[in-house]
There are 2 protein chains.
Amino acid sequence: MERAIRQRITQQLTVIAAAIEGDHTHPSAEDIYLRVRKILPHISLGTVYRNLQRLVQDGALQMLFFGDRTARYDPTLEAHDHFICQQCGRVEDVKVERDRRMDFAALVREGFTIAAHSLAIRGVCHRCGPRQDAASPDKGERRH
Amino acid sequence: MERAIRQRITQQLTVIAAAIEGDHTHPSAEDIYLRVRKILPHISLGTVYRNLQRLVQDGALQMLFFGDRTARYDPTLEAHDHFICQQCGRVEDVKVERDRRMDFAALVREGFTIAAHSLAIRGVCHRCGPRQDAASPDKGERRH
DNA sequence: CTAAATGCAAACGATTTGCAGCCCC
DNA sequence: GGGGCTGCAAATCGTTTGCATTTAG
């Protein structure tokens, strides 16, 4: 059996982990790089990517994509959904009440094994769409 | 008022649109390029991208992202969900029964305007996970 | 005719990788 | 003190863009 790789706790890893802890703004690698650089001015972007990758593999972080090509990192591990503002691009954690649980039974019967599911909601957030009339909330809604 | 741009129906646009019609395999731009090249051998990748962009803007196509950095194109416009196989990478259209409609009322009350929502399910498809025991379907499920 | 669309190639942005030196364990 | 980790820079990958030329209307 191959020997397990001893992972080291480096200064960089510690600072990167601390920089995202409790952050609900869904920062990109670049965002995190800029933050971390204030503490470790000589850190490289590559190191940030490598450590983020490691934190994701260790299950300390989620890596998410919201329709552009940029990965976002999220330290919130418990179940929650995401609202993406089409105006300002901000991503907010939201919790959509589901009636109990969605019915995946049909899929399981077809032989699918379900590991995770994610719900992304797109629209205009309360900051960007101030006096939008909220009378017909579902108007024009499209699922995709 | 500025004059509306007259869009032209080119041979390339027609062939590209035909190449994705009724396709449920969620091809990438590259995939589509390879198909179209059999009919128009001199077409360039750039033209494929430009026309896909136009078809998306015209509402003929959806552009989707499934966790890698590659855009996928989907001609199915009506409501459906996506299952992404973590083993083979294939994306299948699925329909998850929801209990009526999910409750977005709370979000609307907070001032969010909802335009669309998408549900992505990750796991192992029936092709890849043959004799998986289906007794505990929700085992280890994680929402993200 | 003439502006929109094409083909080509160079530019781009996010991410990955190869490598010599560094520094945790 | 040895191997994993770093910083740096070059490489990669998907996508976009500038420009001279072609082509639809």
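Quick caveat, the model's predicted, so the values are computed rather than measured.
Proximity of a side-chain donor or acceptor of A:D58 to a complementary backbone N or O of A:A60 within less than 3.5 Å is not detected. Between the side chain of B:R72 and the backbone N or O of B:L64, no donor-acceptor pair lies under 3.5 Å. Not a single donor-acceptor pair under 3.5 Å links the side chain of A:Q62 to the backbone N or O of A:V56.
A:E30 has its CD atom 16 Å from the P atom of C:dC12, to the nearest Å. What separates CG of B:L52 from P of C:dT6 is a distance of 11 Å, to the nearest Å. Going from atom CG of B:N51 over to atom C1' of D:dT15 covers 15 Å, rounded to whole Å. The separation between B:I43 atom CD1 and D:dT21 atom C1' is 17 Å, rounded to whole Å. One can place CG of B:L45 at 14 Å from P of D:dC13, the figure rounded to the nearest angstrom. For the pair B:H42 NE2 and D:dT22 C1', the interatomic distance rounds to 14 Å; values are reported in whole Å. The interatomic distance linking B:L13 (CG) with D:dA24 (C1') rounds to 12 Å, in whole Å. One atom, CZ of A:F65, and another, P of C:dT15, lie 7 Å apart when rounded to the nearest Å.
Judged by distance alone with a 3.5 Å cut-off, a donor-acceptor contact links the side chain of A:R50 to the base of C:dG18. Contact annotation: side chain of B:R8 to base of C:dA3, donor-acceptor pair present below 3.5 Å. Side-chain atoms of B:R69 and base atoms of D:dG14 include no donor and acceptor less than 3.5 Å apart.
Side-chain proximity of B:S44 to C:dT15, C:dC8, D:dC5: nearest is C:dC8.
A:Q12 has a side-chain polar atom (N or O) that falls below the 4.0 Å cut-off from OP1 or OP2 of D:dG7. Of the side-chain N and O atoms in A:T10, one or more sit less than 4.0 angstrom from OP1 or OP2 of D:dT6. Of the side-chain N and O atoms in B:Q53, one or more sit less than 4.0 angstrom from OP1 or OP2 of D:dT16. Proximity of B:T47 to the phosphate of C:dG7: a side-chain N or O atom is located under 4.0 Å from OP1 or OP2.
Projected onto DNA chain C by closest heavy-atom contact, B:L40 and A:Y49 fall at different nucleotides, the more 5' of which corresponds to B:L40.
Across all strands, B:R72 comes closer than 4.0 Å to no nucleic acid atom at all (heavy-atom distances).
Aromatic ring orientation, B:H26 versus B:H80: tilted (interplanar angle from 30° to 60°).
Among residue pairs with one or both ends in residues 36-50 of chain A, none qualify as salt bridge (Lys or Arg N to Asp or Glu O under 4.0 Å); sequence neighbours excluded.
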